[in-house]
Amino acid sequence: QVQLGESGGGLAQPGGALRLSCVASGGMFTIINMAWYRQTPGNQRELVARIVGGGDTTYADSVKGRFAISRDYAANTVFLQMNSLQPEDTAVYYCNADLLREGWGRTRAYWGQGTQVSVSS
């Protein structure tokens, strides 16, 4: 059973920083892409940052220059370093991974359970 386990959420003050981590576990697989999304009440889940297999990254305009996504390939882990946090960054952050396992034929998307990030003074 493949699982994505997130950690690192919490409360930060405006201008502060948090680091999210997400570990993929549960057997043998290849991670193709990993990403972070976020969602606030009443709104759709939105892409925050994505890192593809070759290491190229994509960011939402609202977080460019403040957030950085990275991967530890050996540990099946993706990180989101969030700096200069603002109240509008408050949301539940979800880890997402596109995985491929022998015999599947195509990738499958998995989601973490979500971790709350709150930015307030």
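Note that these values count all heavy atoms, side chains included, but never hydrogens, waters or copies made by symmetry.
Exactly one residue among L99, D98, I51 makes a side-chain contact (heavy atoms from CB on, under 4.5 Å) with I31. That residue is L99.
In this structure, N96 and A109 approach most closely via the heavy-atom pair ND2-CB, 4.2 Å. When all heavy atoms of G114 and V92 are compared, the pair lying nearest together is CA-CG1, 3.8 Å. Residue S121 comes nearest to P14 through the heavy atom pair N-CD, 3.7 Å, listed as atom of the first residue, atom of the second, then distance.
Note that OG1 of T40 and CD of E88 are 11.5 Å apart. Values are rounded to the nearest 0.5 Å. Here the OH atom belonging to Y59 is positioned 13.0 Å from the CH2 atom belonging to W36, to the nearest 0.5 angstrom. Between atom CZ of residue R71 and atom CG of residue N33 there is a gap of 7.5 Å, rounded to the nearest 0.5 Å. Interatomic distance, S120 OG to D89 CG, rounded to the nearest 0.5 Å: 12.5 Å. Atom SG of residue C22 and atom CH2 of residue W111 lie 11.0 Å apart, to the nearest 0.5 angstrom. Going from atom CG of L80 over to atom CE of M34 covers 11.5 Å, rounded to the nearest 0.5 Å.
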Note to self: Run the side-chain contact (heavy atoms from CB on, under 4.5 Å) test on V48 and Y93 for me, step by step, so that the C-alpha distance in whole Å, both residues' side-chain angles and the decisive distance to 0.1 Å come before the verdict.
What the structure shows: CA-CA 9 Å; V48 176; Y93 284 70; 4.1 Å; yes

Checklist line | Worked check of side-chain contact (heavy atoms from CB on, under 4.5 Å) between R66 and Q86 | finding: CA-CA 10 Å; R66 301 188 297 122; Q86 300 300 322; 4.0 Å; yes

Margin query: Evaluate L85 against F67 for side-chain contact (heavy atoms from CB on, under 4.5 Å), listing each step before the verdict.
Written below: CA-CA 9 Å; L85 283 163; F67 290 11; 3.8 Å; yes

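Proximity of L20 to F79: side-chain heavy atoms (C-beta onward) are nowhere separated by under 4.5 Å. Inter-residue side-chain proximity for L11 and Q116 is flagged as unmet; no heavy-atom pair is nearer than 4.5 Å. E6 is not listed as a side-chain neighbour of S21, based on a closest heavy-atom distance of 4.5 Å or more.
In this structure, R108 is positioned above the aromatic face of W104, its NZ or CZ under 6.0 Å from the six-membered ring centre and within 45° of the axis.
Side-chain contact of R38 with S62: a donor-acceptor pair under 3.5 Å is present, judged by distance alone. Side-chain atoms of R50 and Y37 form a donor-acceptor pair, as typed in the model, at a separation below 3.5 Å.
Y94 and L4 are members of different hydrophobic clusters when ILVMFWY side chains are connected at heavy-atom separations under 4.5 Å. By the rule that hydrophobic residues join a cluster once side-chain heavy atoms approach within less than 4.5 Å of another member, L47 and V78 end up as members of separate clusters.
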